[in-house]
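The next block holds one structure in the form of structure tokens; read it before the comments.
Heavy atoms only: backbone and side chains are in, while hydrogens, waters and symmetry mates are out. Residues take their numbers from the sequence shown, with the count starting at 1. These numbers come from a predicted model, not from an experiment.
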Amino acid sequence: MTVFRTSLRNFWAHKGRMALSAVAVLLSVAFVCGTLVFTDTMSTTFDKLFAKTAADVTVSPSKAAQDRAQSENGATLPAAEVARLARVDGVSRAEGAVSTQSVTVVGADNKSLGASTGAPTLAGNWTRTDEQSMKLTSGHLPRSRAEVVVDADTAKKHHLKSGDEVRTITAHGDFTSHVSGVATFTVTNPGAAVFYYDTATAQRELIDAPGRFTQINLTAGKGVSDTALKADASAVLDKAGHKLLTQQESADESSKDTASFLDVMKYALLGFAGIAFLVGIFLIVNTFSMLVAQRTRELGLLRAVGSSRRQVNRSVLVEALLLGVVGSVLGAGAGVGLAVGLMKLMNAAGMNLSTNDLTIAWTTPVIGLVLGIAVTVLAAYLPARRAGRVSPMAALRETGSPTDRRAGAVRSALGAVLTLGGAAALYQVSTVEKAGDGAPWLGGGIFLSLLGLILVGPLLAGLVVRVIGAVVLRVFGPMGRLAERNALRNPRRTGATGAALMIGLALVACLSVVGSSMVTSASKQLDESVGADFIVDTMSQPLVPKAEKAIAGIDGIAHVSHLKRVGATVTFPDGTEKREDVSATEPTYMEDVHQKTVAGSLAAAYGKDGMSLNEGTAAKYGVKVGDKLPVAFHEGGTARLTVRAITSDETVFDKGAWYVSLATARAHLPAGKVPPSVALFAKADDGKEKAAYAELKKVMDPYPQYEVANQADYKQLLKDQVGQLLNMIYGLLALAIVVAVLGVVNTLALSVVERTREIGLMRAIGLSRRQLRRMIRLESVVIALFGAALGLGLGLGWGASAQSLLSLEGLKVLDIPWATIGGVFAGSALVGLLAALVPAFRAGRMNVLGAIATE
């Protein structure tokens, strides 16, 4: 009990010095708890939606039937089966439903009315099952092709009202309708845009299957369970061609699809929280190490009056426990606020999440508290051990204790060994032949090199700080030299403070190299592989025939290659059957996308009943040029195609593609089963590129769902996509960098307290407040630059090793973004300057006589 009271008294006595460490714990715990609350809330939102939108029993085509279908809407069910199922015992109601996501709806301004957050656009007919989750709040249900009902969220977002015209674009054509009503979700809609048409229009226009449905919804009669209803319905259906799911099974299957995405998001965010915790450890270690050093005489007196090593050790650990409890409790509460803030942010971006679904599992605060407390106590363990080793004779000495040189030497030696081991593992990455084989080496190299540099940091501090001092600080005269000597005074402290910043900046540098290399490599691949002047990327919806005809009529276009994905099952010589979407296109495609062949001739593969395989597949199944393979085209016939070319896997574009000519595909498929194009590649006549591109953009303007680009646009699109991803990651890494900055602030603040008497003496002999503040600011800058130098150097090594793995996937160019690296290094100096503002201000306000009198 005495130990606890002593610890509590010391904790409150140094509460100001503990504050920033508590903030670091708070931020890290808040990030963990906020992530868990946010993803749990999203999971609850989707679960409620799926449970409400599912029928008692849903009947749909089986997976095998879907796989055989060439249509983007998949297999369908005849209307006769609706009547057949309606007669089954236990069925209260059977309804045919049409639903598709392969649709784009645009308003009068020709802009998409779909979600901007990646949520789907759903189109179909209104059924009684929809009334479980939707309520018609204005207008009436659609009665003809000219009418459509829109969900209230979409209507509000795009300012739609009754009578407004919308145009619906499908793979089969487009048509216009007027808003006849608005339906409101009775559960939270995460962001999907929903449009309802009359049944005949949905069948004919949306899925091009008059009299057929994508699924049948069964409602159970009174007293009939979903399981019993499923069994009764299954008894009258062909089990091989149908899939039956109860309401719970439908909800579970839908939830499984979103759960995988939510898990990826959750673990990615928790990974960044882990980085923040790691950085926070350095802050806590530094804080307690400095507090122990400053309280050497006090600890020596405790030992002199009879306190044991264990009691002193325990006293420091109890202080850490108190720090962990305070920071973790506040962090758990802040995490809920962070989750609500993230929900508001997602709502502003177009997603719809309601605080009514806010889910706080009992495990969330427990996980946050356990993590926060455990990390804090573990971080304080080594300083606590040093406190326990303080001799009673220390009470007779000045504050501070000499550094344990033997421990420092062992630490440096171990750090050097780990760093060399990490470097060796990173080198090994460049020697592997498969990317999968190099991933463990890369992960091990990153871990060992990071741990090694953390341990060897104090040794490197002496060298690196002197170099930075010579380059940066000499121009500031005596204040620069004093700042350098202060940074060198305690290399362990400088090393730990710099290491905290090093971790975040190493990841920034690594990702910058990887991102820049990806963009540069892809651009080079584009220059080497793509000969087409223009690319029409259909994104998620195949090209409509009307758009294809418009493109074909453009003056100045030499040729257009239509790329189609044809479903087929190929039987290899060893008897293995493999389902694959074969690329079917015209022979002109060879001019548009250059593919290197390792055997045979690609031109021959485009001949009658010819095909090509990629080298990985050919090697796996022992296929060589000249072999004949049975190819069963889904919804078509079976042909024996001759392998006339094997293409290289050393490419980014169309990697792993199997090719047949469009003529071959058409010869073995019924006319109505040839799938629509998923991309177009066009070549302009010499000298007409600019005019042809302008005309292409013009004719494709009515179709905003497609991406039209020339090579320059395509390169910019790649750059923007990678840039958006990196910016998001940098934003998450900012948490770790903020914690590292708090570490710099705390180190300087405690250092000022430690040097109170020294500062008083310097002021007494003529050092001005301005000079004192400059000295402390420069000390902070040099520590920040030290951490940046280590972090950026380490990150460049990681990035180069990661790029060597990417080169095995076709991204062969290593591009180091020196401008970004230089900007981060310069920004680190600014960070150090800002971190020193408060400690420098407090130092400047010290009373000179009071500071001199301090022991």
Is [Y] close to [X] at the side-chain level, that is, under 4.5 Å between some pair of heavy atoms?
X	Y	result
Thr569	His634	yes
Val106	Thr104	yes
Ile557	Ile551	no
Asn125	Tyr196	no
Pro542	Ser102	yes
Thr664	Asp609	yes
Val570	Tyr621	no
Leu77	Pro61	yes

Original post:
Between Thr597 and Ile646, is a side chain to side chain contact (heavy atoms under 4.5 Å, CB included) present by the stated rule, with each step listed?
Top reply: CA-CA 6 Å; Thr597 56; Ile646 296 176; over 6 Å; no

Original post:
Given Asp164 and Lys161, is the salt bridge (Lys or Arg N to Asp or Glu O under 4.0 Å) satisfied, shown in steps?
Top reply: CA-CA 6 Å; Asp164 285 353; Lys161 60 184 183 300; 3.5 Å; yes

**OP:** Please work out whether the ring planes of Phe633 and His668 are parallel, tilted or perpendicular, with thresholds of 30° and 60°.
**Re:** parallel

**OP:** Quick one: do Tyr730 and Ser512 satisfy side chain to side chain donor-acceptor pair (under 3.5 Å)? Show the steps, please.
**Re:** CA-CA 10 Å; Tyr730 293 157; Ser512 295; 2.6 Å; yes

Least distance between heavy atoms, [X] atom then [Y] atom:
X	Y	value
Leu669	Pro675	CD1-CD, 4.3 Å
Leu629	Met611	CD1-SD, 4.4 Å
Ala665	Val566	CB-CG2, 4.2 Å
Ser180	Leu141	OG-C, 4.0 Å
Pro704	Ile169	CD-CD1, 4.4 Å
Asp685	Ala558	OD1-CB, 3.2 Å

May I ask you to decide if [Y]'s main-chain N or O and [X]'s side chain share a donor-acceptor pair within less than 3.5 Å?
X	Y	result
Ser177	Val148	no
Ser517	Val513	yes
Asn710	Tyr693	no
Glu650	Lys596	no
Thr154	Val150	no
Gln215	Val98	no
Asp151	Ala183	no

Original post:
Got a sec, which residues hit side chain to side chain contact (heavy atoms under 4.5 Å, CB included) with Ala605, two or more places apart in sequence or on another chain?
Top reply: Leu602, Ser612, Arg644, Ala645

How about [X] and [Y]: does a side-chain donor come under 3.5 Å of a side-chain acceptor?
X	Y	value
Glu548	Ser677	yes
Tyr706	Asp537	no
Tyr589	Asp654	yes
Asn614	Thr647	no
Tyr659	Gln595	yes
His562	Glu586	yes
Ser60	Lys243	no
Asp720	Gln716	yes

Subject >> Over 12 non-hydrogen atoms of neighbours within 6.0 angstrom of NZ in Lys715 >> reply: yes

**OP:** Any pair with a residue in residues 621-630 that passes salt bridge (Lys or Arg N to Asp or Glu O under 4.0 Å), sequence neighbours left out, goes on the list, sorted by first then second residue, please.
**Re:** Lys624-Asp627

Who pairs with [X] by salt bridge (charged side-chain N to carboxylate O under 4.0 Å, His left out), at least two apart in sequence or on another chain?
X	value
Arg212	none
Arg167	Asp174
Glu591	none

Original post:
Does the pair Asp198 and Trp126 meet the rule for a side chain to side chain contact (heavy atoms under 4.5 Å, CB included), with working shown?
Top reply: CA-CA 7 Å; Asp198 71 284; Trp126 180 277; over 6 Å; no

Could you tabulate the donor-acceptor pairs under 3.5 Å formed by side-chain atoms of residues 812-820, not counting sequence neighbours?
unit_1, atom_1, unit_2, atom_2, d
Lys812, NZ, Ser807, O, 3.4
Asp815, OD2, Ser516, OG, 2.3
Asp815, OD2, Thr520, OG1, 3.3

Original post:
Given the side-chain rings of Tyr197 and Phe175, with only the six-membered ring counted for Trp, is the space between their centroids under 6.0 Å?
Top reply: yes

Original post:
Is the centre of the Phe534 ring less than 6.0 Å from the centre of the Phe681 ring?
Top reply: no

**OP:** Mind running side chain to side chain contact (heavy atoms under 4.5 Å, CB included) on Lys564 and Arg666 for me, showing each step along the way?
**Re:** CA-CA 11 Å; Lys564 300 176 185 288; Arg666 285 174 174 153; 4.3 Å; yes

**OP:** Begin from the C-alpha positions of Thr214 and Ile207 and carry the test side chain to side chain contact (heavy atoms under 4.5 Å, CB included) through to its verdict.
**Re:** CA-CA 9 Å; Thr214 55; Ile207 63 173; 4.2 Å; yes

